[in-house]
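Just so it is clear: chains get the letters A, B, ... in the order the sequence lines come, proteins before strands, and each one is counted from 1.
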Amino acid sequence: MVGRITPLLWLLFSAGGTVAALLFPIHLLLTGLAFPLGWLEPPTYESLHRLLTHPVIRLYLFVLISLPLFHWAHRFRYTLYDGLQLKHLTELIAVLCYGAALLGTAMTAYLLWNIG
Amino acid sequence: MSAEPHYTLYHPRWYRRRVSVWWWLQNRSYTGFVLRELTSVFVAFFAVVYLWQLRALAQGPEAYGQFLARLKTPLLLALDTVAFLFVLFHAITWFNLAPKAMVVRLRGKRVPDWVIVGLNYAAWLVLSGAVAFVLLRG
């Protein structure tokens, strides 16, 4: 099963890697450091909620969260094989990694779909 | 002459030296490789933070306030700092590898590597500016 969809997994890996490379540093710098440390004023609930009513922003957030999760799943799978020499657990690791990415994607889709 | 050649029926088990789990610390480029592979953990970490923020926004102003307060705790500030460095490392290694992953040809000529790398960095700059603009406009 995993063998047949390998090209798709590679595509998700590289799309997610590109999304994470282009967009994560700025989001992380702002949300993770600049706002909590008081360098900049965090956006208010109202302004973020207003942004979320826009379909383009919802699509953006879906891509921003989901694709990097698949990037992680694919890369981390191989990190575990090579780094920790867990080749005998191949299938279990694949199921756990891609399963977690799918779960995160489903949660993102659910929240974005239902946000009022 | 009874010396018949002797063949083993099955492939002999090769002798393999056990490799330590820390094999990648012995050489700088191996260390770089493993650190680059580990960036994915911090990419996932931040995706989860953003998912958490989305959930807080879905729940209401109070939950969003709690989310912002939680980000100020030393644990999350430390995690975010480390994650930022790893994500930055991911971005730089990803852009620098782009011309090797994707060979672009224009009118039969290969576009030089530095052009592709440069375009990636330019896109990074423009998109970062756009994200900051949208989030800070308030």
Under 4.5 Å from any heavy atom of chain B, what part of [X] do you find: side chain, backbone, both or neither?
| X | answer |
| --- | --- |
| A/Y60 | side chain |
| A/L29 | both |
| A/S66 | neither |
| A/I115 | side chain |

[X] versus chain A, the contacting section by heavy-atom distance below 4.5 Å:
| X | answer |
| --- | --- |
| B/T73 | neither |
| B/W23 | side chain |
| B/F84 | both |
| B/W124 | both |
| B/V34 | neither |
| B/L68 | side chain |

Are any side-chain N or O atoms of [X] and backbone N or O atoms of [Y], one a donor and one an acceptor, separated by less than 3.5 Å?
| X | Y | value |
| --- | --- | --- |
| A/Y45 | B/L57 | yes |
| B/T93 | B/H90 | yes |
| A/T31 | A/L28 | no |

- Item | Non-hydrogen side-chain atoms of B/L54 and A/L112 separated by less than 4.5 Å | yes
- Message: Can you confirm whether B/Y50 sits close enough to B/Q53 that some side-chain heavy atom of one is under 4.5 Å from a side-chain heavy atom of the other?
- Response: yes
If you count heavy-atom pairs under 4.5 Å with chain B, which of [options] comes out on top?
| options | result |
| --- | --- |
| A/L23, A/L30, A/L48 | A/L48 |
| A/E41, A/H74, A/H27 | A/H27 |
| A/P68, A/P36, A/A73, A/A101 | A/P36 |

Looking only at the aromatic ring of each residue, does the gap between the centers of [Y] and [X] stay below 6.0 angstrom?
| X | Y | result |
| --- | --- | --- |
| B/F42 | B/F46 | no |
| A/F13 | B/W94 | yes |
| A/Y78 | A/Y81 | yes |

- Query: In Å and rounded to the nearest 0.5 Å, what is the OG1 to CZ distance from B/T31 to B/R36?
  - Reply: 12.5 Å
